[in-house]
Amino acid sequence: MARLNLRLKENAPGPLYVDETCIDCDTCRQMAPEVYGETRGLSYVMRQPESADEKLRALQALVACPTASIGGAKGAEVEHALGTFPQRIAGPVYDCGLRSESSYGATSYLVVRPQGNVLVDSPRAANPLLRRIETLGGVRLNFLTHRDDVADHVKLHARFGCDRILHRADVSGGTRDVEVKLEGDEAVALGSGLLAIPVPGHTRGSCALLVDDEYLFTGDHLWAEDDGSLGMSRGVCWYSWEEQVRSLEKLLAYRFRWILPGHGRRVRAGSADEMRDRVKQLLRRVAR
Ligand code: SF4
């Protein structure tokens with residue numbers, strides 16, 4: 001629960017507020033950019049929501065917030081916002097909404113497929129969300145892009161009986177029991193239309209997941225900036241920047257229109273060729 005006595009002084013007057021426990025994960029600013037802004041490395045309420053749509057998105061951010069740092073609403077309207085997750089993004093892809101603090105508020109995604117659903121990384125395992133995931137068909141595979149974003153994988157495995165997939169190089173004590181450990185740097189087919197692509201760099205065992213030659217889930221390897229250009233950063237590269245650039249180059253061999261990251265903005269290009277051009281532009285930028 002957010003605490004009124006920690007309410008940031010920058011918040012606009014009105015019921016909704018952010019308190020000092022914000023970890024600046026950017027979730028609320030992505031979900032309701034008209035309402036939440038950034039100040040002193042924290043989020044705050046720039047202005048109170050006005051329209052019904054703004055209010056819903058502001059409350060979706062409230063329930064998504066990994067640290068419960070947003071306050072000023074409760075009851076039925078919060079329950080309603082909670083019930084909107086997983087929220088469809090496009091085609092079979094949903095944003096699970098509820099972020100976990102242990103993955104620093106990373107986005108997790110559900111891909112609904114006739115062959116069995118795929119959960120990418122881990123949402124906060126709150127019961128209302130898990131019940132909704134059940135109504136969408138549960139989870140067959142839980143693809144973990146890298147060691148930082150595994151969050152509630154144990155609870156998810158217990159609830160859905162899903163096989164968890166993680167590259168062996170990122171396995172640690174908390175993930176030693178995952179069912180599938182990927183090896184090496186070659187892409188691995190996980191089923192029809194599912195390809196795991198090792199992209200070492202951010203961590204040694206980072207992997208992207210390509211679905212149906214359309215959607216690329218990138219973990220913390222690659223994301224979009226506010227202007228739609230692609231981005232990656234030395235500042236959050238824990239293993240090897242040179243490897244990360246090589247991994248980016250590797251993506252030129254694949255076709256996809258969407259990039260869906262753990263952190264940062266997601267983006268859709270008009271065509272796979274356009275997305276490839278954006279990857280090339282980023283390669284030129286990071287080579288300077
Ligand atoms: S979602 Fe929560 S932790 Fe993340 S930036 Fe907003 S207030 Fe801060």
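Here, residue 1 is the first one in the sequence, and each next residue gets the next number. Quick caveat: nothing in here was measured; it's all calculated off a predicted structure. Counting starts at 1 for both ligands and their atoms, following the listed order.
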Test side-chain hydrogen bond (donor to acceptor under 3.5 Å, both in side chains), reference T84, set Q60, R57, R132, output is Q60

R29 and S43: side chain donor to acceptor below 3.5 Å: yes

Would you find a donor on one side and an acceptor on the other, under 3.5 Å apart, between the side chain of R99 and the backbone of G97? yes

Is S122 reaching over with its side chain to a backbone N or O of D152, donor-acceptor style, under 3.5 angstrom? yes

D26 heavy atoms, cut-off 4.0 Å: which ligand 1 atoms fall inside? 4 (Fe), 5 (S)

Taken in chain and number order and not counting sequence neighbours, the residues that satisfy side-chain hydrogen bond (donor to acceptor under 3.5 Å, both in side chains) with E274 are R278

Protein-side N, O or S atoms sitting under 2.8 Å from atom 2 (Fe) of ligand 1 are C65 SG

Under 3.5 Å, is there a donor on one side chain and an acceptor on the other for D121 and H146? no

